Peer 1: 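The structure follows.
First listed ligand is number 1; within each ligand, the first listed atom is number 1. For the numbers below, each heavy atom of this structure counts, side chains included, while hydrogens, waters and symmetry mates do not. Keep in mind that what you see is a predicted model, and the values were worked out from it rather than measured.
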Amino acid sequence: MATVEICHLYPRELNIYADRGNLAVFAHRLAARGHRLRIVEVEPGDQLPTGAHLYYLGGGQDRDQLMVADDLRGTKGQRLREVVNGGAVMLAVCGGFQLAGHGYTAVDGTRMDGVGVLDADTIGGPTRLIGNIAIEAELEGERGRIVGFENHAGRTTLGTGSVPLGRVITGFGNDGASGFEGAVTRRAIGTYLHGPLLPKNPWLADRLLEWALEAAGTPVSLDPLDDALEIAAQRVALRRMGLTA
Ligand code: GLN
């Protein structure tokens, strides 16, 4: 039995899209395989613990991001880059995705510098990119379909240090034009998909957990669970987008 430690960054400030739901999915899927989850919540002013196996940065609106951006970059940025370079996993959703990159310039010109874990930069546009989204993702050569909901003004472009998480099947994705969604560098993932993200996407949840277990010194290939409910939920989302599973 392994204990996976998750560092949950700014649970009070960045939680707009039921981010705790993602952590509940991690807890459930680990427990079903006989493993344990420990969550360490990190607030503004706290030092970043360097021993966690997965770092989670949730979503927020511009004003929420503004509350944490300086703290993230100043107090935690260097360590976050180091732990990801050392093999730790990171999942950053929506506003968190923007701050995991080089930064976000809001439509009013306010610049919030990010930590540069992902080679991505974001500029706010005049319209919001809102709606259901489905992508064909690829992680370390393995493909899976991911569904979710997106709601962002930011248009994100990637540099050469990140690859997209996937290609948009239906929806806007990073910028509404490139056909790409999300960003991946090493085992850090940024994405605009929420809802929350993981309950309807067990494939992605298990890839992240396998990475986290590897970071915890217990590399395993996780046995499938009975995901009938999760897959049914994904099917409903796909049908709403006019897609079949
Ligand atoms: N502030 C960001 C944006 O609008 C994050 C998304 C959000 O608030 N939902 O691009």
Peer 1: Where is the nearest protein heavy atom to atom 9 (N) of ligand 1: which residue, which atom, and how far?
Peer 2: Asn151 O, 2.7 Å
Peer 1: Short N/O distance, under 3.5 Å, between Arg128 and ligand 1?
Peer 2: yes
Peer 1: State plainly whether one hydrophobic cluster holds both Leu165 and Phe26, where clusters connect Ile, Leu, Val, Met, Phe, Trp and Tyr through side-chain heavy atoms under 4.5 angstrom apart.
Peer 2: yes
Peer 1: Got Asp62 and Tyr104 here, is their nearest side-chain heavy-atom distance under 4.5 Å?
Peer 2: yes
Peer 1: Can a donor-acceptor pair be found between the side chains of Gln78 and Glu82 at a distance below 3.5 Å?
Peer 2: yes
Peer 1: I need the atoms of ligand 1 closer than 4.0 Å to a non-hydrogen atom of Gln98, numbered in the order shown.
Peer 2: 1 (N), 2 (C), 3 (C), 5 (C), 10 (O)
Peer 1: Scan side-chain atoms only and decide if Asn15 and Arg20 contain a donor-acceptor pair under the 3.5 Å cut-off.
Peer 2: no
Peer 1: For atom 1 (N) of ligand 1, which protein heavy atom lies nearest, and how many Å away is it?
Peer 2: Asp62 OD1, 2.3 Å
Peer 1: Near Gly60, which atoms of ligand 1 are under 4.0 Å from a heavy atom of that residue?
Peer 2: 1 (N), 5 (C), 6 (C), 7 (C), 8 (O)
Peer 1: Check each atom of ligand 1 against the heavy atoms of Gly154 and keep those under 4.0 Å away; list them by number with element.
Peer 2: 3 (C), 10 (O)
Peer 1: Does a donor on one side chain sit under 3.5 Å from an acceptor on the other, for Ser178 and Arg155?
Peer 2: no
Peer 1: May I ask you to check whether Gly95 has an N/O atom sitting below 3.5 Å from an N/O atom of ligand 1?
Peer 2: no
Peer 1: Strictly under 4.0 Å, does any heavy atom of Tyr104 approach an atom of ligand 1?
Peer 2: yes
Peer 1: Against heavy atoms of Ala153, which atoms of ligand 1 measure under 4.0 Å?
Peer 2: 3 (C), 4 (O), 10 (O)
Peer 1: Verify the distance criterion only: is there a donor paired with an acceptor across the side chains of Glu181 and Thr191 at less than 3.5 Å?
Peer 2: yes
Peer 1: Tell me, which pairs form a ring-ring contact (aromatic ring centres under 6.0 Å, His included) where one or both residues lie in residues 189-231, sequence neighbours left out?
Peer 2: Tyr17-His194, Phe97-Tyr192, His152-Tyr192
Peer 1: Apart from Ile169 itself, which Ile, Leu, Val, Met, Phe, Trp or Tyr residues share its cluster (side-chain heavy atoms under 4.5 Å, direct or through members)?
Peer 2: Val147, Leu238, Met241, Leu243
Peer 1: Could you tell me if any non-hydrogen atom of Cys94 lies under 4.0 Å from any atom of ligand 1?
Peer 2: yes
Peer 1: List ligand 1 atoms under 4.0 Å from Gln61, heavy atoms only on the residue side.
Peer 2: 1 (N), 8 (O)
Peer 1: Ion pair present between Arg38 and Glu5, side-chain N to carboxylate O less than 4.0 angstrom?
Peer 2: yes
Peer 1: Which of the numbered atoms in ligand 1 are under 4.0 angstrom from any heavy atom belonging to Tyr17?
Peer 2: 9 (N)
Peer 1: Need the ligand 1 atom indices (1-based, order shown) with element for anything under 4.0 Å from a heavy-atom of Gln65.
Peer 2: 1 (N), 2 (C), 5 (C)
